[in-house]
Amino acid sequence: MSTETKGKESLNFIEQIIEEDIASGKHNGTVLTRFPPEPNGYLHIGHAKAIVVNFGIAQRYGGKTNLRFDDTNPVTEDTEYVESIKRDIRWLGFDWEDREFFASDYFDQLYEFGADLIKKGLAYVDDSSAEQIAEMKGTPVAPGKESPYRSRTVEENLSLFEGMKNGEFEEGSRVLRAKGDMSSPNMHMRDPIMYRIKYAHHHRTGDKWCIYPMYDFAHGQSDSIEGITHSLCSLEFRHHRPLYDWFIEKLDIFPSRQIEFARMNVSYMITSKRKLLKLVKENYVSGWDDPRMPTIAGMRRRGFPPAAIRTFCERAGVAKRDNLIEIELLEFCVREELNRTCSRVMGVLDPLKVIITNYPEGQEEWLEAINNPEDESMGSRQIPFSGELYIEKEDFMENPPKKFFRLAPGANVRLKNAYIITCDEVIKDENGEITALHCRYYPDSKSGEDTSTVPAKGTLHWVSVPHAGTAEVRRYDRLFADPEPDGHEDRDFLEFFNPGSLEVLPKAYLEPGLKDARAGEQFQFMRKGYFCVDTDSTPGNPVFNQTISLKDSWAKAQKK
RNA sequence: AGACCCAUGGUGUAAUUGGUAACACAGCAGAUUUUGGUUCUGUCAUUCUAGGUUCGAGUCCUAGUGGGUCUACCA
């Protein structure tokens with residue numbers, strides 16, 4: 001991984017804060033951030049951004065990043081997700097070393113914190129129902145009312161809180177609340193709930209607890225316990241910050257600081273957990289790792305390199321305003337990475353047979369092909385040529401438009417790494433469908449030693465019929481037809497589902513070397529795009545995913 | 001309705017903290033090319049509006065407008 005030195009030019013606002021802190025000697029110049037996923041779902045592109053920001057910023061300032069699972073709600077969380085989350089973070093290229101924590105590790109400490117606040121007269125047990133509490137809460141424009149249980153004595157609160165812990169009360173019958181300010185314009189300061197009773201099995205603490213802390217009484221305290229210096233989160237937690245600070249101040253513990261930044265939105269993608277789940281549950285996609293999904297697992301299977309995702313998140317930047325990053329930037333980063341790293345190979349997705357009429361019957365020859373013109377060190381390989389080839393159906397037109405410089409009756413083209421050919425005859429079946437092309441080749445036009453002087457404007461990819469291997473190829477388009485599928489109040493996001501987002505080509509023809517390709521391997525199919533071997537591949541039946549097409553300025557020009 | 005946050009090209013992020021708008025993507029035009037790929041060049045902005053402070057404002061102040069967030073025993 002490249003260590004991106006930020007230099008002096010252009011710091012984002014978080015980096016500015018950190019540099020000021022370092023300059024002033026705060027925390028002795030230490031930087032410790034954290035990535036705090038809740039283990040109740042799969043990571044997606046939005047999490048990737050949070051990961052890159054948290055790990056990236058710490059790295060930049062010689063700091064570290066903790067991984068902490070925010071597992072304070074046992075009814076929604078599960079260990080199953082812990083493993084997938086860890087795998088995804090590692091795959092993205094980040095390492096939390098031995099700093100793997102769980103908010104549940106702190107349940108004992110958190111309970112003590114709760115008791116401490118009671119003793120300080122800053123927390124009380126409330127017997128009100130959820131409905132009553134909601135009603136007493138007031139609204140943003142109307143102050144709330146204080147609970148009738150607010151004035152209990154410290155002793156009573158302490159014993160009630162202990163009773164809650166010991167399972168003496170029914171679920172939902174009591175909560176522990178902080179004594180905030182029921183008339184605060186900030187709803188989160190109106191006696192926020194710290195603990196609730198839940199008789200639920202926790203994925204780590206089992207049945208030890210029947211009371212669980214709320215986010216506001218777990219997250220900041222966990223940060224503080226770990227000595228997190230900069231707790232980076234998304235904008236919607238802005239209103240929680242006064243509470244975050246209040247608990248730390250009243251508890252008199254390590255002063256972690258919360259800093260909010262805008263989460264990243266990407267056009268044509270959704271990141272709502274609920275909506276993603278719906279796509280899976282209702283079989284719009286094949287699973288959480290469907291290559292069309294914006295999940296890390298999906299992007300991995302699609303063939304997006306982790307480095308490309310990292311660069312993408314970095315280029316998207318960090319700020320406080322709402323944003324919608326164009327998916328084209330992600331695509332650019334993916335192509336940029338793949339262009340550098342992928343071997344070029346030839347594969348014909350939609351075949352049209354070409355017979356070289358003047359090529360000696362039964363002859364074959366092996367031609368040299370450069371693996372990657374961007375990287376000489378990747379070397380070259382030999383590919384077979386014969387008198388019977390496949391070319392791409394779209395590379396031939398019987399009545400071509402003006403600037404078409406592919407194959408047409410009487411036209412010449414260069415076959416990549418091979419010879420120049422001229423199309424002499426179009427063979428059709430009884431329905432008038434083109435079944436083959438009869439072409440002539442120029443023996444002295446061989447790539448690298450061309451003395452023919454035959455003019456050829458275009459270059460086509462091809463595959464030798466007798467040597468070709470076959471594969472299933474899956475091509476993907478955007479999952480949604482709208483740049484902001486969940487941005488319409490009046491339309492459901494599913495209305496924008498793109499039914500053409502998956503196209504399966506059962507039989508594509510590939511150069512023979514691809515027979516041994518292993519799952520995960522990536523290639524550029526010349527003139528088509530980047531492809532990776534899917535995990536659905538079986539011996540002898542490879543499956544390729546199209547990660548992304550090559551830019552196609554000809555196709556673009558045709559649309560106009 | 002209240003409180004809080006935000007406002008710079010089509011998109012996103014910058015602007016040495018008050019000194020005359022930069023970078024990337026996208027678009028458009030062109031050059032190179034045995035991938036219509038890559039690469040290269042050129043081109044694309046009344047900094048939301050109106051006032052004010054200042055020699056000087058994208059940066060500061062005031063008002064307005066627009067967008068977002070907040071009223072879960074979720075995180």
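The chains referred to below are lettered A, B, ... by the order of the sequence lines, with proteins before strands, and numbering in each begins at 1.
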By nearest atom, which of the nucleotides [options] is closest to the [X] side chain?
X	options	answer
A/Lys137	B/U71, B/C28, B/U34	B/U71
A/Ala130	B/C70, B/C73, B/A14	B/C73
A/Arg321	B/U35, B/A14, B/C74	B/A14
A/Leu550	B/U71, B/U35, B/C25	B/U35

Within the structure shown, what part of the strands sits under 4.0 Å from [X] by heavy-atom distance: base, sugar-phosphate, or nothing?
X	answer
A/Asn40	nothing
A/Asp70	sugar-phosphate
A/Glu374	base
A/Phe405	base
A/Lys273	nothing

Exercise. Hey, are A/Arg60 and A/Glu314 close enough for a salt bridge, meaning a charged N less than 4.0 Å from a carboxylate O?
Worked result: yes
Exercise. If you take atom types as modelled and just measure distance, does the side chain of A/Arg406 reach the base of B/G36 with a donor-acceptor pair under 3.5 Å?
Worked result: yes
For this session: Please confirm whether A/Arg174 makes a cation-pi placement over A/Phe169, using NZ or CZ under 6.0 Å from the six-membered ring centre and within 45° of the ring normal.
Result: yes
Problem set entry | Pairwise distance CG(A/Asn417) to CG(A/Leu367) - rounded to 0.5 angstrom | 7.5 Å
For this session: Between A/Glu328 and A/Ala316, just flag the one whose closest nucleotide in RNA chain B comes earlier from the 5' side.
Result: A/Ala316
For this session: Using the closest heavy atom to pick a nucleotide of RNA chain B for each, name whichever of A/Pro213 or A/Arg238 lands nearer the 5' end.
Result: A/Arg238
Exercise. Between B/U13 and A/Ser10, is there an OP1 or OP2 to side-chain N/O distance shorter than 4.0 Å?
Worked result: no
For this session: Please state the C1' separation for the pair B/C23 and B/U62 - nearest whole angstrom.
Result: 34 Å
Problem set entry | Residue of the set A/Gln522, A/Gln524, A/Glu337 for which side-chain hydrogen bond (donor to acceptor under 3.5 Å, both in side chains) holds with A/Tyr530 | A/Gln524
Exercise. Does the side-chain ring of A/Tyr215 sit on the six-membered ring of the B/A75 base, less than 5.5 Å centre to centre and under 30° in tilt?
Worked result: no
